[in-house]
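Report on the structure given below.
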Amino acid sequence: NAGVTQTPKFQVLKTGQSMTLQCAQDMNHEYMSWYRQDPGMGLRLIHYSVGAGITDQGEVPNGYNVSRSTTEDFPLRLLSAAPSQTSVYFCASSSLTGKGGELFFGEGSRLTVL
Amino acid sequence: SQQGEEDPQALSIQEGENATMNCSYKTSINNLQWYRQNSGRGLVHLILIRSNEREKHSGRLRVTLDTSKKSSSLLITASRAADTASYFCATDWYNDMRFGAGTRLTVKP
């Protein structure tokens with residue numbers, strides 16, 4: 001059972017480059033989300049989705065785009081990378097919405113922007 | 001800004017002792033959850049307590065919730081070296097889940 005799969009695990013970008021972090025889950029979860037984790041800051045919510053075609057902004061959405069065309073996939077796009085986006089990114093999914101439920105996390109994608 | 005704030009930021013204890021971590025939050029919640037993160041890994045769910053619950057147990061874990069004080073605590077009893085990790089509380093309000101900065105727990109053998 002794969003759970004939540006993130007790719008790539010590591011990425012180095014130059015300022016201004018674009019890239020997409022991929023996230024896929026095989027648990028048929030309606031809810032998916034992206035977080036970034038910086039040292040001493042815990043996790044901060046970037047964007048989330050409660051189902052295909054539905055996305056919403058979290059705490060720190062600027063500089064990031066998302067889409068949800070299928071239940072399984074929730075890619076995170078950086079259109080013009082900045083050094084401030086150097087971080088570890090986590091994708092998570094959950095089977096419950098509204099009242100909330102246990103989040104299942106991927107192993108993270110470490111992004112460095114030079 | 002982040003919703004939850006854990007206290008203490010770091011905790012070091014001997015194996016066999018109990019570890020208590022606290023979480024305070026600012027706004028309304030549907031539930032509060034605790035997660036564990038081993039270094040460099042993804043977070044793993046430990047326990048969920050709903051806003052109408054006051055206490056919950058799971059194995060060596062005990063969680064309390066006081067919505068009037070907007071606070072929660074996580075107690076790990078009879079700690080083991082393998083419990084060494086960072087622990088995060090997360091508040092959920094209609095799909096918007098916010099995490100605190102975490103408590104770094106070190107259990108010395």
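Here is how names work: the chains are called A, B, and so on, in the same order as the sequence lines, proteins then strands, and each is numbered from 1.
- Checking each of N18(B), T84(B), T106(B), L105(B) against I13(B) for a side-chain contact (heavy atoms from CB on, under 4.5 Å) leaves exactly one that passes, namely L105(B).
- Under the 3.5 Å distance criterion, the side-chain polar atoms of Q57(A) are left unmatched by any main-chain donor or acceptor of V60(A).
- Under the 3.5 Å distance criterion, the side-chain polar atoms of R36(B) are left unmatched by any main-chain donor or acceptor of L46(B).
- The main-chain N or O of G63(A) is found under 3.5 Å from a side-chain atom of Q85(A) such that the two form a donor-acceptor pair.
- Separating the NE2 atom in H57(B) from the OG1 atom in T64(B) is a distance of 9.5 Å, to the nearest 0.5 Å.
- With D26(A) contributing its side chain and G3(A) its backbone, the two residues share a donor-acceptor pair below 3.5 Å.
- Residues of residues 68-76 of chain A placed with any heavy atom under 4.5 Å of a heavy atom in chain B are absent; none qualify.
- A donor-acceptor contact closer than 3.5 angstrom links the side chains of D38(A) and S87(A).
- In this structure, no portion of Q9(B) lies under 4.5 Å from any heavy atom of chain A.
- Residues of residues 103-114 of chain A that come closer than 4.5 Å to chain B, counting heavy atoms only, are L103(A), F105(A), G106(A), E107(A), ordered by residue number.
- Interface residue Q37(A): only side-chain heavy atoms are found under 4.5 Å from chain B.
- Here CD of E6(B) is found 5.0 Å from SG of C23(B). Values are rounded to the nearest 0.5 Å.
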For Y35(B) and Q33(B), run side-chain hydrogen bond (donor to acceptor under 3.5 Å, both in side chains): C-alpha distance rounded to whole Å, both residues' side-chain angles, the deciding distance at 0.1 Å, then the answer. CA-CA 7 Å; Y35(B) 287 81; Q33(B) 304 178 32; 2.5 Å; yes

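- Here the side chain of K56(B) pairs a donor or acceptor atom with the backbone of L48(B) at under 3.5 angstrom.
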